[in-house]
Every structure is written in structure tokens, then in C-alpha cells.
Visitor: 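Quick one: the structure is below, questions incoming.
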Amino acid sequence: MLLKCINLYTRIITKRNKCAACFKQFTKMEHLVEHMRTSNHSVHEPTCGICKKHCRSFESLREHLIGPLPKEACKSIFSNQGCEFCLVILNNPDALRFHQEICQLPSVNAGLLAQLANLSIFENLVIDTGQIRRPQVVALACKMAGGGSDGSLDLCARVCLIDEDESIIFHTYVKPKIPVTEYRYQTKGIQAEYIREALPLSQAQRKIQDFLYNGEPMWKLRPTDGKASILVGHILDYDLDLLQIDYPATMMRDAAKYPPLMQTNKLSNSLKYLAQEYLGYDIQTCNEDPYEDCVASMRLYKRMRSQVHIREDHPLASDSQNQNNFALWRQSELEEMNPEQLLEISRSDYYCWCLDSQG
């Protein structure tokens with residue numbers, strides 16, 4: 001009888017000390033408070049539509065639903081009512097079939113665009129300095145040729161910039177500042193004749209920079225209330241480095257660095273993988289095309305941006321209004337809260353792209 005009472009008491013205590021987000025259990029309330037202090041759980045985390053467990057990334061959520069060791073109750077429901085692309089749960093199989101017709105996106109016809117680009121059709125980006133454009137979201141992608149004695153040095157040889165409607169703003173071959181020694185035709189489709197008369201890197205750089213800045217000086221660029229564009233892409237830092245363009249991190253939405261799109265070990269996923277798993281089609285199947293990469297990056301961004309999360313006045317842990325939420329001097333007060341109250345005051349440590357649609 002004594003043992004049963006001890007077991008019952010233990011279950012009651014651990015249930016009280018169970019994280020309302022990830023469901024981890026702690027023997028002491030102070031341990032749960034410390035967990036909430038460092039975990040940055042929030043409404044912006046990918047969440048199981050069945051048991052409501054919060055996951056750090058969609059990859060973690062996918063493992064929870066269909067991985068090698070899933071939660072069986074969730075797996076059973078998801079197998080009949082869950083979308084394999086966005087991981088939402090629908091009311092019934094019929095609703096799921098209708099949803100997936102929209103959720104699985106079609107691939108783009110990059111082949112025709114590549115042929116047009118070879119003819120320099122897309123080299124004429126026009127910047128209208130007499131008219132202020134509204135702030136836009138644009139996607140950027142580059143393809144590299146090789147330089148140096150062994151051809152291993154990456155050089156930007158082709159660049160593409162598109163808008164939200166997947167229309168091309170700028171698409172051209174680029175002539176690097178140093179000689180190309182490896183054209184990488186088999187994978188990138190780049191040939192010597194495309195580069196010989198191509199736009200010099202400095203001119204391509206200026207055109208892209210002018211469009212991104214949209215008349216704003218560098219020091220004034222900001223993600224809200226400005227004229228500059230939000231820049232979308234995959235491994236953007238590398239592309240911008242090769243183009244020798246500076247752009248603020250607050251103005252970039254990089255699918256390689258976005259926590260919900262990263263692996264469970266916090267490493268980046270390839271754009272090819274992200275397109276397969278979250279958009280439902282293959283890219284980079286033969287010669288890689290920067291337009292195809294731009295479209296995939298833009299579609300991923302728009303899918304992440306369209307998520308509906310509870311609106312918060314101060315959604316980031318770094319906001320000054322949230323800095324005392326889990327302050328040490330509040331420890332006694334925090335230990336008196338229940339797990340749901342602790343989750344309510346917890347904030348994300350990354351900028352959720354859904355916030356772009358709430359501005």
C-alpha cells in the first residue's frame with residue numbers, strides 16, 4: 001500500500017512538472033523553470049496537430065509523426081489524415097485529398113528559361129529612380145563556375161532575381177573578375193561562349209544592389225517601414241559574398257538558416273531536399289538553373305510565412321519587454337506557475353517568418 005501511494009504521488013508531481021510544450025517531465029518544479037528559461041518554447045514552433053507537442057523543427061515533427069520511432073497514436077491518425085508536405089492534420093481523407101492537390105506544388109519549366117537566358121533576354125534590369133516602388137520580396141540564386149589552377153575556386157557565373165509572383169526581374173550570365181578555368185557544364189550548364197560576352201560582375205552587382213536597396217542608403221535599410229526589399233534564398237551569405245554585395249541580416253530570409261527548416265541536429269538541409277519534402281517536386285535533376293532555385297526558395301518562404309500563429313505584442317525573447325519573464329529574481333514566482341502559464345510567457349529565440357505577414 002505504501003509503495004502504491006509513493007508511485008501515485010510521484011505521478012502527480014511529475015505531471016505537475018511536465019513541460020506544456022515538449023512534454024519533458026521533471027522531478028522538481030525548479031528544473032522545469034530552468035528548462036523553460038533556456039528552451040525558448042513558443043507558439044511559433046512546429047506543433048503536432050494531434051497531441052499538440054511542440055517540436056524545434058519540422059524534421060523533428062516529421063520524426064514524431066512518421067519517423068522510425070513515432071508516437072503510435074499520432075502516426076495512426078496522420079497516416080489517414082495528415083499532409084506529408086506541410087504536416088497538418090485534416091478532418092478526413094477526402095479533405096486530405098483536396099488539400100494535397102493544392103499543397104503539392106508543380107515544378108517549373110526551367111529548361112525554356114535557360115535557353116532564353118543563353119540568348120541574353122534577361123540582361124536588361126531597369127531601375128526607375130524617378131518612382132518609389134513599394135517594398136517587395138525577391139529571391140536570389142547564383143550558379144558557380146570554377147577558377148584557380150584546379151578549378152575549385154567558386155566564381156559567380158550566373159545570377160537570377162525573381163519577385164513573389166515568380167516573374168524574372170534579372171537573369172544573366174556573369175563574367176567574373178578572374179579567368180574561369182572550369183565551366184562545370186555537366187552540372188551547371190555553363191559554357192565558355194556564355195561567359196565570354198557576359199555582363200561584367202561589377203555591372204551585375206550594381207544592378208542587383210540598386211534593385212534591393214530601392215533608393216535607400218545602406219545605413220537606413222530596415223525590414224519594416226522602408227523601401228528596400230526582403231531578400232529570400234538558400235545560403236544567401238555565400239551568394240552575396242561572391243557577388244560582393246552587403247545586405248543586412250534582418251532583411252534576409254535564408255531557408256538554410258531558418259530553424260524550422262533545419263535538421264534535428266541543427267544542420268542545414270539542401271534546397272533539393274527541402275523542395276522534395278515541403279513542396280512535393282524535384283529540382284536540380286540535370287543542369288542546375290538559378291531560376292528554379294529562386295522559385296523553390298520563394299515558395300518555401302511563402303509557405304512558412306503563411307502559417308497562422310497567435311499574434312503577440314512582443315514575440316521574440318530578445319525584445320526588451322520579455323527580458324524579465326524568466327529572470328532569476330522571479331524564481332519563486334515562476335515555481336508557483338503551472339506549465340501552461342510558463343509556456344504563455346515563453347518567447348521564441350528566432351524570427352518567425354509568419355511575422356512578415358502581420359506587419
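Remember, predicted model here, so these are calculated numbers, not experimental data.
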Visitor: Please answer: with hydrophobic residues joined when any side-chain heavy atoms are less than 4.5 Å apart, are I235 and L140 in the same cluster?
Guide: no
Visitor: Could you see if L105 belongs to whatever hydrophobic cluster contains V108? Use Ile, Leu, Val, Met, Phe, Trp, Tyr and a side-chain cutoff under 4.5 Å.
Guide: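 Result: yes, single cluster for both.
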Visitor: Does the side chain of L240 reach to within under 4.5 Å of the side chain of M252, using non-hydrogen atoms?
Guide: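 Touching, per the 4.5 Å side-chain cut-off.
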Visitor: So, for P176 and I195, which heavy atoms are closest and what is the spacing to 0.1 Å?
Guide: CD-CG2, 4.0 Å
Visitor: Let's go through Y351 and R253 carefully: what are the C-alpha distance in whole Å and the side-chain angles of both, what is the deciding distance for side chain to side chain contact (heavy atoms under 4.5 Å, CB included) to 0.1 Å, and is it a yes or a no?
Guide: CA-CA 10 Å; Y351 180 89; R253 307 289 182 261; 3.7 Å; yes
Visitor: For residues S60 and S57, determine if any side-chain heavy atom of one lies less than 4.5 Å from a side-chain heavy atom of the other.
Guide: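 The answer is yes, as the side chains (C-beta and beyond) meet within the 4.5 Å cut-off.
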Visitor: Measure the shortest side-chain to side-chain distance between V137 and M298 over non-hydrogen atoms and say whether it is less than 4.5 angstrom.
Guide: yes
Visitor: Check N214 against A228 and note the closest heavy-atom contact, atom names and distance.
Guide: CB-CA, 4.3 Å
Visitor: Look at the side chain of D165 and the backbone N and O of S167, then say whether any donor-acceptor pair between them is shorter than 3.5 Å.
Guide: no
Visitor: Relative to each other, are the rings of Y247 and Y213 parallel, tilted or perpendicular (30° and 60° limits)?
Guide: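 Ring orientation, 0 to 90° scale: parallel.
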Visitor: Roughly how far apart are Q136 CD and I230 CD1, rounded to 0.5 Å?
Guide: 11.5 Å
Visitor: Roughly how far, to the nearest 0.5 Å, is OG of S42 from CG of L316?
Guide: 9.0 Å
Visitor: Which pair of heavy atoms, one from L343 and one from H41, lies closest together, and at what distance?
Guide: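 Residues L343 and H41, closest heavy atoms: CD1-CB, 3.7 Å.
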Visitor: Give the C-alpha distance, both sets of side-chain angles, the deciding distance and a yes or no for side chain to side chain contact (heavy atoms under 4.5 Å, CB included) between D293 and I283.
Guide: CA-CA 8 Å; D293 289 0; I283 64 171; 4.0 Å; yes
Visitor: Nearest 0.5 Å, please: how far is CG in N338 from CD in E340?
Guide: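 Going from the CD atom of E340 to the CG atom of N338 covers 5.0 Å.
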Visitor: State whether the side chain of Y350 and the backbone N or O of H44 hold a donor-acceptor pair below 3.5 Å, judged by distance alone.
Guide: yes
Visitor: Quick check: is V232 connected to I168 through a chain of hydrophobic side chains (ILVMFWY, heavy atoms under 4.5 Å apart)?
Guide: yes
Visitor: Would you say K257 has more than 12 foreign heavy atoms packed within less than 6.0 Å of its NZ?
Guide: no
Visitor: Contact between L96 and C83 at the side-chain level, heavy atoms closer than 4.5 Å - yes or no?
Guide: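 Counting from C-beta outward, L96 and C83 do come under 4.5 Å.
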Visitor: Please report the interatomic distance CE(M337) to CE(M36), rounded to the nearest 0.5 Å.
Guide: 10.5 Å
Visitor: Does a sphere of radius 6.0 Å around NZ in K75 hold more than 12 heavy atoms from other residues, nucleotides or ligands, not counting ones at 6.0 Å or beyond?
Guide: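 Count not over threshold, so no.
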Visitor: Between H234 and L274, does a side chain to side chain contact (heavy atoms under 4.5 Å, CB included) hold up when you go through it step by step?
Guide: CA-CA 10 Å; H234 186 267; L274 293 174; 4.2 Å; yes
Visitor: Any non-hydrogen side-chain atom of T172 less than 4.5 Å from a side-chain atom of V159?
Guide: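 Counting from C-beta outward, T172 and V159 do come under 4.5 Å.
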Visitor: State plainly whether the residues D349 and R56 are in salt-bridge range, i.e. N to O under 4.0 Å.
Guide: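 Between R56 and D349 there is a salt bridge, with a charged N closer than 4.0 Å to a carboxylate O.
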Visitor: Can you see which heavy atom on R37 is nearest to which on F326, and at what distance?
Guide: NE-O, 2.7 Å
Visitor: Indicate the ring-plane relationship of Y258 and W353, choosing parallel, tilted or perpendicular according to the 30° and 60° boundaries.
Guide: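 It falls in the parallel class, under 30°.
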Visitor: Let's go through N17 and M29 carefully: what are the C-alpha distance in whole Å and the side-chain angles of both, what is the deciding distance for side chain to side chain contact (heavy atoms under 4.5 Å, CB included) to 0.1 Å, and is it a yes or a no?
Guide: CA-CA 6 Å; N17 301 339; M29 191 62 183; 3.3 Å; yes
Visitor: Do the side chains of Y278 and F58 get nearer than 4.5 Å, heavy atoms only?
Guide: yes
Visitor: Let me check something: do I169 and M251 share a hydrophobic cluster, defined by ILVMFWY side-chain heavy atoms less than 4.5 Å apart, either directly or through other members?
Guide: yes
Visitor: Is it the case that more than 12 heavy atoms not belonging to F23 sit under 6.0 Å from its CZ atom?
Guide: yes
Visitor: Atom SG of C156 and atom CG of D239: how far apart are they, to the nearest 0.5 Å?
Guide: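 That separation rounds to 7.5 Å.
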Visitor: To the nearest 0.5 angstrom, please state how far the CZ atom of F170 sits from the CD1 atom of I162.
Guide: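 Result: 14.5 Å between the selected atoms.
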Visitor: Can you find a pair of side-chain heavy atoms, one from S346 and one from N325, that are under 4.5 Å apart?
Guide: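 When only atoms from C-beta onward are counted, N325 and S346 do not touch, as no gap falls below 4.5 Å.
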Visitor: Can you label the angle between the Y291 ring and the H171 ring as parallel, tilted or perpendicular, going by 30° and 60°?
Guide: parallel
Visitor: With a 3.5 Å cut-off and no angle check, do the side chains of E59 and Y273 form a donor-acceptor pair?
Guide: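 Note: E59 and Y273 side chains meet the donor-acceptor criterion.
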Visitor: Closest approach of A317 and Q323, non-hydrogen atoms and distance?
Guide: O-CG, 4.4 Å
Visitor: I'd like to know if L87 and Y301 are part of one continuous hydrophobic network [Ile/Leu/Val/Met/Phe/Trp/Tyr, side-chain heavy atoms within less than 4.5 Å].
Guide: yes
Visitor: Could you check whether any side-chain heavy atom of Q244 comes within less than 4.5 Å of a side-chain heavy atom of L201, counting everything from C-beta outward?
Guide: yes
